[in-house]
Amino acid sequence: MFGLSHTEKKWKEFKIAAPIALLFALLFVALQKMGIVNLVSVSSVSYGTAFVIGIIASLSTCMAVVGGLVLSMSATFAKSNDKVRPQLLFHIGRIISFFILGGAIGAIGAAFTLNASATFILNLIIGIVMLMLGINLLDVSHFAKRFQPAMPKFLAKRALSVSKLNHTLTPLLVGIATFFLPCGFTQSMQIYTLSTGSFLSGGLTMLSFALGTLPVLALISFSSFSIQDSSKKGIFLKSAGLIVIMFALFNLINSLAAIGWISPVFNF
Amino acid sequence: MKSTITSILVASIFIGGAIVFSKSSSNAANNPPAGSVNNVTVENGVQIVEIKVKGGYIPRTSYAKAGLPTTLRFNTNGTFDCSSSVRIPSLNISKNLPISGLTDISLPSSEAGTLQGSCGMGMYPFEIVFQD
């Protein structure tokens, strides 16, 4: 039937998507190797520096966690042609939660830090969800069906159900949850916020940090706007899928190192 | 099928590349100090290993004497990145360091061998080699 041409089209899309994803990966590694994390050299934090630290955080390895999650979500929603609203809800949820939770930390004087095993479990869940969303974005399910177990069946099924996200609640909750995601910068900002001692200054510090991360995250989440016709859509989704899979593996390897099951791999 | 293979291939190229990148930079840091980078001192019978913390741990490899009571002294200076949370899985140590300052962590024992640590997210590896 039309199988061959369909396959050829997808194969062609991969030929463009793979270099795009690879380029993105190289850019990511290069950014880390350049030592962007050393750009801050202050010991007191104003709202301005919190904002700058946010910008740096959004270009750091935190991008693999938060950025990867944002990309997988936005591409998944873009697939069902719902581009704007879920993205807005995500960013609104993120910014409001950073203000309120940051304020809570400042007022209470205790941070919400997870212990090592809770962090590991959270990392594992995020990694697996991202992996499934990434596989789903590649749109290779029919390959999997035709050539038997290219992908374990249970994984394919899960990947499909994971991608059927609620378009209102999911982005909002994920946005709020980013406050707790494992990211060194978010953590040290929270530790600093402890010392602010008031709801307002704690909230404003975390808000400034969240606003600093906004430009890069917005760029990632609205990258799906660029797709107009269906030929470009396939390429975009496949590039996004490959990038999300790479970030997911990166996160999984790191979390195995953090729990001590393997030696640390990445020096950035 | 082809595409699944490609995706796995691309992912492994990325990871392999990153490993090569990070390994090549670690080779330079792994050379024994031969007295040049002396970050280990003994104060009142306690061995102190001083490690600078910013965008990683410096030095990546410290050489200490086995059998002495040992304290790791982490020195942060405007450190906001992942390395500000220290993780040593084998001793179940997870510690958030202040943005700037000195933080001491006493080790329960210092048998001969290598103690491996990283930042909280499992990156920025560092090690302390305890020698007899």
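Letters A, B, ... mirror the listed sequences (proteins, then strands); counts begin at 1. What you see is a predicted model; the values in this text were computed from it and never measured.
- The CE atom of A:Met189 lies 11.0 Å from the OG atom of B:Ser84; values are rounded to the nearest 0.5 Å.
- Neither the backbone nor the side chain of A:Ser60 comes within contact range of chain B; no heavy atom of the residue lies under 4.5 Å from a heavy atom of that chain.
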Using the rule given for side-chain contact (heavy atoms from CB on, under 4.5 Å), can you reason through A:Val45 versus B:Phe80, listing the C-alpha separation, both sets of side-chain angles and the distance that settles it, and then say yes or no?
CA-CA 11 Å; A:Val45 183; B:Phe80 293 90; 3.7 Å; yes
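- Interface residue A:Ser263: backbone and side-chain heavy atoms are both found under 4.5 Å from chain B.
- Contact detail for B:Ile99 and A:Tyr192: the closest heavy-atom pair is CD1-CB, 3.5 Å.
- To the nearest 0.5 Å, atoms OG (A:Ser117) and CG (B:Asn92) are separated by 7.5 Å.
- Highest contact tally toward chain A, considering only B:Ser118, B:Gly56, B:Pro89, is held by B:Pro89 [criterion: heavy-atom pairs under 4.5 Å].
- Here the shortest heavy-atom pairing between B:Met121 and A:Gly184 reads SD-N, 3.5 Å.
- B:Met123 approaches A:Phe268 most closely through the heavy-atom pair SD-O, 2.8 Å.
- Contact annotation for B:Asn96: only side-chain heavy atoms (C-beta onward) come within less than 4.5 Å of a heavy atom of chain A.
- Neither the backbone nor the side chain of B:Ser90 has a heavy atom closer than 4.5 Å to any heavy atom of chain A.
- Here the closest non-hydrogen pair linking A:Ala258 and B:Arg87 is O-NE, 2.6 Å.
- In this structure, A:Ser188 and B:Thr79 have side chains that are not in contact, with every pair of non-hydrogen atoms separated by 4.5 Å or more.
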